[in-house]
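Working notes, structure below.
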There are 2 protein chains.
Amino acid sequence: MSIDQNDLRVIKTKRGLREAFIRLLLEKGYDAISIQDIATEAEAARVTFYRHYKNKEELLIDCIDVIYENHARLTGQASNEEFRQGYSPMLAVYKQLKEDGKIFRVLSNSHAGQLLTKRLIQLFAERIQVQIEERFPKEQLLAPVEIIAYHVASAQIGLVNWWIENDQPYSPEYMARISFWLSLAGSARGFGLENISVLPPEYPTRFQN
Amino acid sequence: MSIDQNDLRVIKTKRGLREAFIRLLLEKGYDAISIQDIATEAEAARVTFYRHYKNKEELLIDCIDVIYENHARLTGQASNEEFRQGYSPMLAVYKQLKEDGKIFRVLSNSHAGQLLTKRLIQLFAERIQVQIEERFPKEQLLAPVEIIAYHVASAQIGLVNWWIENDQPYSPEYMARISFWLSLAGSARGFGLENISVLPPEYPTRFQN
DNA sequence: CTTTTATGTTACGATTTGTATCATAACTAA
DNA sequence: TTAGTTATGATACAAATCGTAACATAAAAG
């Protein structure tokens, strides 16, 4: 009847299609890729593609989901201690991208970029919102918590994009620290903290790469 | 020889194709649209499409450019006074989107979103960088001016996206003010201002919609 | 009003799409 | 290891789409 997603053949085939698709995106860009291209590159029959995906876009979504899960898994590990140290969960992201930033870049410049960025921002905003709500009473906030969270998340993910597109000019540690502090200083105001000196003492006098 | 872009027929035809394309994006999404669909919707011959655009993507880029120019024109008008008042050039953006947010939303959810968002962030980052450099000596900055500018621009455009996707829950004035202050408070730290009280006195105690 | 040129009509081959059938190979479960 | 299940490959097919061409017509430029 329906296809068994746990079958080894299915797992192999789908992974093959995903990886072939990514490679082709590097070469030709999204529009120029035909289903036959993908199948050929993956050394599979064209019919096989249609057994797993309705069309190109569905394969694209699947690719994003896989990357998204990797990110979520990585960033989910960041400890509260890391957060206080000013490294934030972003460090894990920067570190991963330092290695396989190529795939991220390809997706980022393709049809996928929109979906990928959107989902990452969504994920981070949700986490940030929880963190804010845990630490600050609602009445203290100058603005709705959603807005603050989304503002911070957009800034952080946006900076990641900038870093990737500018060939990673600074170290992951440097980027994570700056990203964290710029956001925290901004949102501290949003939290209703009149005196910004309540921030942890580790706030650096000057960032060094 | 080549096609005269000032010919009235050309202007009409291309505008028709762009508008037809936007309408179709609303209905079917990017992939499901064929060239014939666009031509039919625009009440033009399919051949005519190929006289102006190589493929779907090229038409998409053209659509983005038109919207982009509208934004640039609008935001370019924001005065220094508005900036100091805490409304920032963002107010013009929010106001425009209040009216034709539909097109923006369609593009934002399509293949185009990636390109549109990227270009908007780029534009804002460049402007912000100039403003920072005009007001603060380089040595005072805790981080490279590019990073601060990109951080702020990403946050602001990201918040616009959030606003559009959540059916514009707050007024343009409210969003512009919050966006401005969250960013300014954050970047004030980035500027190396130890005492955040150097910020203009208009800083609100609490934002109201 | 004359000239120029962008558009519509029609046509064409090549490519791509989406689906179907059946034998074979690969995997699962026992 | 074996028997049964099922995903895959090979082949085929109609329908849709693509990209380009030639020529008459309508619309704009000068």
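Sequence lines set the chain letters: A, B, ... in the order given, protein chains first and strands last, and positions in each chain run from 1.
Rounded to whole angstrom, the span from the CD atom of B:E43 across to the C1' atom of C:dT7 amounts to 14 Å. The distance from atom CD of B:E58 to atom C1' of D:dG19 is 14 Å, rounded to the nearest whole Å. The OH atom of A:Y53 sits 16 Å away from the P atom of C:dT17 (whole-angstrom rounding). Computed from coordinates, the B:K14 NZ to C:dA6 C1' distance equals 13 Å when rounded to whole Å. Rounded to whole angstrom, the span from the CZ atom of A:R15 across to the P atom of D:dA7 amounts to 17 Å. Between the CD1 atom of A:I33 and the C1' atom of C:dT15 there is a distance of 16 Å, rounded to whole Å. Note: CD (B:Q5) to P (C:dT5) measures 14 Å, nearest angstrom. If you measure from atom CD1 of B:I35 to atom C1' of C:dA14, you get 16 Å, rounded to the nearest angstrom.
Both the sub-6.0 Å distance and the 45° axial angle are not jointly satisfied by B:R177 relative to the ring of B:F180. The side-chain tip of B:R18 does not point at the ring of B:F21 from less than 6.0 angstrom away and within 45° of straight on.
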Polar pairs (N or O, both sides) under 3.5 Å between protein and nucleotides 25-30 of chain C?
residue	atom	partner	partner atom	Å
C:dA26	N3	A:R9	NH1	2.7
C:dC27	OP1	A:K12	NZ	2.7

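Residue A:Q5 places its CD atom among more than 12 non-hydrogen atoms of other residues, nucleotides or ligands, all under 6.0 Å distant.
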Quiz item: Going 5' to 3' along nucleotides 19-24 of chain C, which nucleotides have protein heavy atoms under 4.0 Å from the base (write B), which only from the sugar-phosphate (write S), and which from neither (write -)?
Solution: BB----
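Contact between the side-chain N/O atoms of B:H52 and the OP1/OP2 oxygens of C:dA6 is not found at any separation under 4.0 Å. In terms of phosphate contacts, A:T13 brings a side-chain nitrogen or oxygen within less than 4.0 Å of OP1 or OP2 of D:dT8. Of the side-chain N and O atoms in B:T48, one or more sit less than 4.0 angstrom from OP1 or OP2 of C:dG8.
Side-chain contact between A:P169 and A:W162: present, with at least one pair of heavy atoms (C-beta onward) separated by less than 4.5 Å. Contact of the A:K12 side chain with the A:R15 side chain is registered, since non-hydrogen atoms from C-beta on lie closer than 4.5 Å.
Ring centroids of A:Y170 and A:W163 are separated by 6.0 Å or more, keeping the two rings apart.
Looking only at atom types and distance, the side chain of B:D37 has a donor-acceptor partner in the side chain of B:S34 under 3.5 Å away.
Distance alone, capped at 3.5 Å, places no donor-acceptor pair between the B:E165 side chain and the B:V160 backbone. With hydrogens and angles disregarded, no donor-acceptor distance shorter than 3.5 Å links the side chain of B:E41 to the backbone of B:L17.
Mapping A:I11 and B:N55 onto DNA chain D by nearest heavy atom places A:I11 at the nucleotide closer to the 5' end. Mapping B:A45 and A:Q36 onto DNA chain C by nearest heavy atom places B:A45 closer to the 5' end of the strand.
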